[in-house]
S.K.: 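Have a look at this one.
Chain letters run A, B, ... following the sequence lines, proteins first and then strands; every chain starts at 1.
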2 protein chains.
Amino acid sequence: MSHTLGIRQAQKQKTRQALLDAALGLLEEQSLSSLGLREVTRAVGVAPTAFYRHFRSTADLGVALVEEALGSLHPMIQNTVAGARSSEERITRAVELIAHHVHTQPAHVRFIARERHGGVQPVREAIRSQLGRFAEEVRAELAKDPESAGWSEDDLLMLAHLFVDQMLVTASLFLESLEAPEEEQERVAQLVTRQMRLISIGRHHWLD
Amino acid sequence: MSHTLGIRQAQKQKTRQALLDAALGLLEEQSLSSLGLREVTRAVGVAPTAFYRHFRSTADLGVALVEEALGSLHPMIQNTVAGARSSEERITRAVELIAHHVHTQPAHVRFIARERHGGVQPVREAIRSQLGRFAEEVRAELAKDPESAGWSEDDLLMLAHLFVDQMLVTASLFLESLEAPEEEQERVAQLVTRQMRLISIGRHHWLD
DNA sequence: AATTCCGGAGAACAGTTGTTAACTGGATGA
DNA sequence: TCATCCAGTTAACAACTGTTCTCCGGAATT
C-alpha cells in the first residue's frame with residue numbers, strides 16, 4: 001500500500017521534519033508565540049525562505065506539532081483503558097503509560113502543556129480538539145464497563161473529561177520531576193496514583 | 001498606619017501600575033516570552049528606558065503580575081472553604097466564587113493559566129509557589145473538618161492538590177465560555193459542579 | 001533528449017528589538 | 001534657599017525580525 005516516495009518528496013519531508021524537530025527543541029525554553037521563523041531555519045541550517053515551502057507561519061508549524069504530539073496517542077490510550085480487568089489495574093497501567101511517555105517524549109509533553117493555554121489561538125484550538133477526541137474515546141470505553149450501568153451519557157462524558165484532565169496533571173508533574181532524583185519521581189507516582197484512586201472511588205459511589 | 005506617599009513615590013507607583021495594566025492587556029493575545037519591553041512602554045505612553053526604573057526585565061514584570069493576580073486571593077479561598085456547613089454547600093460556593101472571579105478579573109485568570117506552564121522559568125516558579133500555598137491552606141482547612149478524622153497528613157495534602165488543580169480547570173473552562181451565551185456558561189457550571197461532587201464522594205469513601 | 005517543475009538560496013526591504021549613555025526638571029530634604 | 005535626588009527623556013547602537021522577488025540546479029515529466 002505504501003507508495004515509495006520520489007527523491008524529491010522524500011527530501012522535502014526530510015527538511016520538513018528537521019524544521020519540526022528544531023522547533024520542538026527551541027520550544028523547551030520559550031513559547032510558540034515568541035518562536036521566530038528565522039530562528040528555526042537557522043537551527044536546521046537552511047535559508048529563511050525555505051520555511052515558506054512547508055509552513056505558512058510558525059502558528060501553522062505549531063498546529064503540525066500538535067498532530068505529531070497527540071495524533072499517534074489515541075490507540076495507546078484506547079489499549080490502556082480497555083485492556084484492564086480492575087479499576088486498580090487500569091490506574092496502574094495509566095500511570096505507567098504516562099510516566100513512560102514523559103520519559104521518551106518529554107519535548108512533546110512540554111509543548112502540549114505549554115501551548116494548551118498559550119498565546120496562539122489555532123494551536124489552542126487544535127489541542128482542544130484532540131483532547132476532546134480523547135475524552136470521547138475514554139467515554140466510549142467506560143460505557144463498555146459493567147460498572148457504568150445506570151450512568152447517563154452526560155455523566156460518563158463528565159467523568160471522561162475528569163480523567164483526561166487528570167492525565168495532563170499527571171504528565172505535567174512527571175515532567176517537572178524529570179531531572180529530580182528517582183525517589184522524587186516515585187513520590188510523584190504515588191501521589192497521582194492516589195488521586196486517580198480517589199476519583200475512581202467517587203465513580204464507584206456516584207449512583208448511591 | 002498607612003503613610004501618605006510623597007508626590008514622587010505616588011507618581012512612580014502610578015506608572016508602575018500602568019505598565020502592569022498595559023502588559024496584562026497585551027498578554028491576552030500572546031505569551032510573556034514574546035512580550036517586548038518597548039511594546040509595553042509604547043502602550044503606556046512613556047519612553048522605553050522608563051521601564052528599567054521599575055523592572056529589570058519582562059520576566060521580572062511577570063513575577064510582579066503573579067503577585068498581583070494570586071496574592072490577594074488567599075483570604076477569599078480561605079473563607080470559601082471554611083465558611084460552609086456541608087460539602088455540597090462548599091462546592092456551590094467554590095464554583096460561584098470562581099465564576100465571579102473569572103468575570104471580574106478575566107485577564108488575571110488567563111495570565112495564570114497561560115504562564116503556569118509557559119516559557120519563562122521565574123514566572124512558572126512564582127505560580128508554583130503560590131499554588132503550593134493554596135494547597136497548604138486548603139489542607140489546613142480540610143484538617144479542621146470532622147470528616148477528615150483518620151486521614152494521614154499526606155492524603156490530606158493529596159486531596160488539597162486535587163482540589164486546587166480542579167479549581168484551575170474550572171477557571172479555565174469558565175474563561176473559554178466567557179464570550180459564549182448564558183446557557184453555555186450554565187452548562188459549564190453544571191459540569192464542573194458534578195466533577196467536584198464526584199471528587200467529594202471519593203473523599204467520603206476514601207477510608208472504606 | 002528536451003522541457004517543465006519546484007525546493008531551496010541569495011539579496012534586499014523596512015521595521016522591530018534590548019541596552020547604553022548622557023541629560024532634564026521638578027520633588028525632596030538640609 | 002540651595003544642593004541633592006531620581007523618574008522619565010532623548011539619541012544612538014548593533015542585531016534581529018517577517019516578507020518579497022529573483023534566481024539556480026537537479027528531479028520529474030513528456
S.K.: When the nearest nucleotide of DNA chain C is assigned to B:R53 and to A:V46 on a heavy-atom basis, which residue is associated with the more 5' position?
M.R.: A:V46
S.K.: For a side-chain contact (heavy atoms from CB on, under 4.5 Å) check, start with the C-alpha distance between A:E176 and B:R128, then their side-chain angles and the critical distance, and finish with the verdict.
M.R.: CA-CA 11 Å; A:E176 287 175 1; B:R128 219 174 92 87; 3.2 Å; yes
S.K.: Return the value, rounded to whole Å, for the distance between atom CZ of B:R42 and atom C1' of C:dT17.
M.R.: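 So the two atoms are 10 Å apart, to the nearest Å.
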S.K.: Would you indicate what B:R16 reaches in the nucleic acid, counting non-hydrogen atoms under 4.0 angstrom: base, sugar-phosphate, or nothing?
M.R.: nothing
S.K.: Is A:T15 near enough to C:dG8 that one of its side-chain N or O atoms lies under 4.0 angstrom from OP1 or OP2?
M.R.: yes
S.K.: Find the distance A:Q9:CD to C:dG8:P and express it as a whole number of Å.
M.R.: 12 Å
S.K.: Tell me, yes or no, whether the heavy-atom count around A:H100 atom NE2, taken from other residues, nucleotides or ligands under 6.0 Å, exceeds 12.
M.R.: no
S.K.: Whole-Å distance between D:dC6 C1' and B:Q11 CD?
M.R.: 13 Å
S.K.: Need to verify one output field. Residue with the more 5' nearest nucleotide on DNA chain C, A:R38 or B:I7?
M.R.: A:R38
S.K.: Please report, rounded to the nearest Å, how far the P atom of D:dT19 is from the CG atom of A:D60.
M.R.: 12 Å
S.K.: Using only side-chain N and O atoms of B:R8, determine if any of them is under 4.0 Å from OP1 or OP2 of C:dG29.
M.R.: no
S.K.: In the structure I gave you, are the side-chain heavy atoms of A:M158 and A:W206 within less than 4.5 Å of one another anywhere?
M.R.: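 They are in contact (side-chain heavy atoms under 4.5 Å apart), so the answer is yes.
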S.K.: Answer yes or no: does atom CD of B:Q9 have more than 12 heavy-atom neighbours from other residues, nucleotides or ligands under 6.0 Å?
M.R.: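 It does not: B:Q9 CD has 12 such atoms or fewer within range.
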S.K.: Please report the distance, rounded to the nearest Å, between CZ in B:F55 and P in D:dG8.
M.R.: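 For the pair B:F55 CZ and D:dG8 P, the rounded distance is 11 Å.
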S.K.: Is B:T49 side chain donor-acceptor paired with the C:dT19 base, going by distance under 3.5 Å alone?
M.R.: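 For B:T49, whose side chain was compared with the base of C:dT19, there is no donor-acceptor pair (under 3.5 Å).
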S.K.: Considering heavy-atom distances to DNA chain D, does A:E39 or B:A50 have its closest nucleotide positioned more toward the 5' end?
M.R.: B:A50
S.K.: When the distance from NZ of B:K14 to P of D:dA7 is rounded to whole Å, what number comes out?
M.R.: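 From B:K14 NZ to D:dA7 P: 16 Å.
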S.K.: Specify the separation, in whole Å, of atom CD of B:Q17 and atom C1' of D:dA7.
M.R.: 17 Å
